Amino acid sequence: MTKKVVRRNGKRNEGKARQLTNEIDNFLILCIYEQQKEAIAKQESIEKEKAPIYYISGVKSFMIWEKAYQENPAVFNSLRQIARDRFIHQLADHIVHFLIEKNKNYSSLFTTVFLDHQLRGLAISAIENRLRTDTFLNEEAAWEEFCQWFQRGIAEWVLDVMADELGMEHLSQLKKAELNQLFYQYLSNFLLNSKEFLSMFTIIVNDYADKWINQLFKYSKCTVQELEKAIAHGVDWRNSSLVPSQRENICVMNNAPYQAVREALYQVFHWDQEKERYCRRIQKGHVQGLLMINEIVEDQNVDRFTLTDLDVDVLDMLCANFLAIAKHHEDVITIEVDELLRMRGLLPKRGGEGRRGGYERSQRLRIMKSLTIIKNLWIDIETVVYQKGKPVKKRLMGNAFDVYDQNESQQVLKYKMGPIFSPFLYGSGRQVIHLPLKILQYDPYRRSWEKRLGRYMHWRWRVQAKKGDYLKPHYISTLLAAIGESLNIRLPSRTRERFESALDTLQEDGLLSAWYYEAWEESIVDSKGWGNTWKQAKIIIQPPEEVVERYAQLKKTTFEVKVKDHQSLTDHVLLGKRVREVRVTNGLSLSQLAQEVEVSQAYISTIERGIKVPSKRVEGKLLRWIEIMEKRQ
């Protein structure tokens with residue numbers, strides 16, 4: 001029990017007086033909060049990392065019997081509600097502080113709240129409102145359970161002290177009314193004069209508060225984005241001078257060898273008997289050579305080995321960390337495993353009940369496994385490097401990163417850039433791209449297509465920036481090859497749907513502005529072998545405005561004019577918007593709508609976005625469908 005933390009002089013009767021708790025009438029402790037500025041200032045000056053959620057300063061507490069409460073319910077209910085409101089506010093304050101401290105370096109929203117006191121107050125209010133309306137804290141049963149738990153803990157502690165001072169035999173001989181009167185005197189005195197009791201009082205409340213917080217927010221399972229939404233809800237950013245950007249970005253290399261290695265990591269590595277390693281050929285533009293894994297990796301197949309998208313995430317994060325910290329291409333820097341987990345948008349589990357907070361052991365081990373794989377990457381390529389501003393063909397060989405220490409017990413990696421990429425850290429060969437953290441934070445197993453397409457397109461946009469030809473079409477076959485995927489010959493529609501779904505997700509998340517086919521006829525899907533024809537089709541992928549603005553200094557373009565040429569608002573755009581509105585209102589997916597009007601899901605998607613002009617037949621079907629759905633409402 002928590003009271004065992006608090007010790008008194010002399011022999012204790014802990015546990016021996018518990019049988020008397022059933023003799024104590026129901027009671028309540030009412031807390032009245034003072035509003036003096038000095039009390040509030042004292043509470044706010046405490047370091048939140050060390051401070052309890054519930055703090056006794058500025059609080060006057062007194063005990064009443066439940067029968068007295070029932071005689072004046074209106075008065076006491078008002079005081080009780082004020083105390084509950086204050087407690088919920090303190091929970092919200094604690095949650096916001098925890099999130100800011102853990103994520104201010106990886107989320108523009110949290111950084112903004114950290115810097116702006118007014119926005120911090122709004123964030124606390126937003127979380128507070130959510131606690132009141134969307135959690136168990138709006139249920140009376142939760143508070144009653146807390147009161148019963150708290151009441152029993154207090155009663156046991158007071159009766160133990162009474163038994164110490166008066167003797168258990170004396171207490172046992174008292175009548176119930178006498179025992180209750182004596183209990184009232186002791187508890188009232190403790191509330192007024194005992195620092196030891198008030199300390200125990202605070203510990204008991206905070207133990208329960210920690211349990212509640214663990215129920216309210218499962219830190220080990222939530223992502224930064226989910227909690228951003230919780231905080232951002234109800235916060236008016238327009239009145240702030242610190243309006244956050246849509247996304248945070250990291251800087252990674254943009255040279256051809258770096259992108260070639262990333263794309264090669266998506267592919268299958270085969271076992272090379274002669275070299276006794278897993279190997280993969282690299283062939284991309286002027287870059288060609290071999291990518292190898294020096295040591296046998298656990299759980300490998302005899303003939304083949306496949307990396308995960310998390311391994312590529314780790315490669316990007318190590319690169320970004322080096323570019324952000326190192327002042328010279330030969331610098332040796334360190335990074336903690338927990339830093340990598342935070343960059344991926346994962347939140348640590350909150351401590352409590354004697355447990356240490358932090359990330360799960362399994363999460364750290366998975367990152368450590370990826371670090372081991374990246375450490376053992378050996379690259380042997382021929383490529384073009386720039387020396388004194390001139391391109392020179394050169395052979396490069398070595399590790400992606402030179403790792404000096406990988407301390408598994410301390411979860412720290414000490415490393416520097418390897419000989420493959422270090423030539424691109426200085427001079428005219430140095431180029432970087434801004435990669436949205438959102439790409440790293442996609443699930444590496446369920447959102448691998450989104451990760452890979454996002455990486456590839458941000459690389460392509462940086463390459464296209466000099467000429468400003470962002471609207472240059474891409475062959476679908478080229479995009480599939482870049483993300484390590486191939487056409488499902490038997491069921492090409494599956495490949496197409498997954499491909500288009502990935503593009504839709506990137507558009508919804510603001511990682512691209514729009515995408516559409518160039519000169520594609522949907523009727524082709526009715527012909528045999530249409531999959532190969534589709535693979536040779538072209539699509540245009542438009543970058544977000546912030547990407548265009550970021551690279552605008554490289555070359556002025558007529559990009560905005562080109563966009564307007566492709567996006568004239570006509571009647572089919574309005575139809576597409578109306579179709580989407582009705583579909584979303586009625587809770588239908590694209591697939592369900594496609595079945596109802598008997599066209600492909602991809603075709604419906606392009607119509608909704610105003611990219612494809614529907615045929616008269618399909619337009620008629622959609623108009624009839626809208627009319628039917630509106631009559632149902």
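Reckoned from all heavy atoms, side chains included, excluding hydrogens, waters and symmetry mates. In this chain, numbering begins with 1 at the start of the sequence shown. Quantities reported herein were computed from a predicted structural model and do not represent experimental measurements.
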Task: Salt bridge D402-K375, side-chain N to carboxylate O under 4.0 Å - done: no
Open item on the list: Once salt bridge (charged side-chain N to carboxylate O under 4.0 Å, His left out) is applied, what residue pairs with a partner in residues 474-497 remain, sequence neighbours excluded?
Closed with: R452-E485, R496-E500, R496-E522
Task: Contacts of E545 that satisfy salt bridge (charged side-chain N to carboxylate O under 4.0 Å, His left out) - sequence neighbours left out - done: none
Open item on the list: Between V403 and I374, is there a side-chain heavy-atom distance shorter than 4.5 Å?
Closed with: no
Task: Carboxylate-amine/guanidinium proximity below 4.0 Å for R262 and D316 - done: yes
TODO: Quickly, which of L365, I367, V412 forms a side chain to side chain contact (heavy atoms under 4.5 Å, CB included) with V337? Name it, please.
DONE: I367
Open item on the list: For D311, give me all partners under side chain to side chain donor-acceptor pair (under 3.5 Å), at least two apart in sequence or on another chain.
Closed with: T308, S370
- [ ] For residues N399 and I420, determine if any side-chain heavy atom of one lies less than 4.5 Å from a side-chain heavy atom of the other.
- [x] no
Task: Close side-chain approach of L413 to L340, heavy-atom, < 4.5 Å - done: no
- [ ] State which residues pass side chain to side chain donor-acceptor pair (under 3.5 Å) with T495; sequence neighbours excluded, sorted by chain then number.
- [x] none
TODO: For the pair E360 and R366, find out whether any cationic side-chain nitrogen is under 4.0 Å from an anionic carboxylate oxygen.
DONE: no
Task: Rounded distance [0.5 Å steps], CD in E339 versus OG1 in T334 - done: 9.5 Å
- [ ] Indicate yes or no for a side-chain donor-acceptor contact from N321 to the backbone of L318 under 3.5 Å, with no hydrogens or angles considered.
- [x] no
- [ ] Ignoring hydrogens and angles, tell me if any N or O in the side chain of S513 forms a donor-acceptor pair with the backbone of P543 under 3.5 Å.
- [x] yes
Open item on the list: Do L315 and V252 make a side-chain contact, defined as non-hydrogen atoms from C-beta onward lying under 4.5 Å apart?
Closed with: no
Task: Between W461 and Y456: side-chain donor-acceptor atoms closer than 3.5 Å - done: no
Open item on the list: Any side-chain to backbone donor/acceptor pair from T478 onto H474? Under 3.5 Å, distance only.
Closed with: no
TODO: Determine the minimum heavy-atom distance between I524 and W530, stating which atoms define it.
DONE: O-CB, 3.2 Å
Task: Salt-bridge present (D272, K275; N to O < 4.0 Å) - done: no
Open item on the list: Can a donor-acceptor pair be found, under 3.5 Å and without considering hydrogens, that links the side chain of W378 to the backbone of L291?
Closed with: no
Task: Any side-chain donor near an acceptor of the partner, D309 and Y266, under 3.5 Å - done: no
TODO: Report yes if the side chains of R304 and Y278 come closer than 4.5 Å at any heavy-atom pair, otherwise no.
DONE: no
- [ ] Give, for atom CZ of R342 and atom CG of D338, the distance between the pair rounded to the nearest 0.5 Å.
- [x] 5.5 Å
TODO: Evaluate whether atom NE2 of H270 has more than 12 neighbouring non-hydrogen atoms of other residues, nucleotides or ligands under 6.0 angstrom away.
DONE: yes
Open item on the list: Test your reading of the model: is there a side-chain donor-acceptor pair from S448 to the backbone of P444, 3.5 Å cut-off?
Closed with: no
TODO: Start with the C-alpha gap between Y442 and W449, add the side-chain angles, then the distance that decides, and say whether side-chain hydrogen bond (donor to acceptor under 3.5 Å, both in side chains) holds.
DONE: CA-CA 10 Å; Y442 280 131; W449 287 55; over 6 Å; no
Task: Point-to-point distance, once rounded to the nearest 0.5 Å, from NE2 of H434 to CD1 of I250 - done: 11.0 Å
Task: Pairwise side-chain contact, R344 with L310, heavy-atom cut-off 4.5 Å (strictly under) - done: yes
Task: Inter-residue atom distance L425.CG - M417.CE, 0.5 Å rounding - done: 5.0 Å
Open item on the list: Quick check: do Q411 and R364 have side-chain heavy atoms less than 4.5 Å from each other?
Closed with: yes
Task: Residue list, ring-ring contact (aromatic ring centres under 6.0 Å, His included) with Y415, at least two apart or on another chain - done: F401
Open item on the list: Under a 3.5 Å threshold, yes or no: a donor from one side chain and an acceptor from the other, between Q273 and W271?
Closed with: yes
TODO: Without swapping roles, check the side chain of R462 against the backbone of V432 for a donor-acceptor pair under 3.5 Å.
DONE: yes
- [ ] Please determine if K394 and E382 form a salt bridge, counting it only when a charged side-chain N lies under 4.0 Å from a carboxylate O.
- [x] no
Task: A481: partners by side chain to side chain contact (heavy atoms under 4.5 Å, CB included), with sequence neighbours left out - done: none
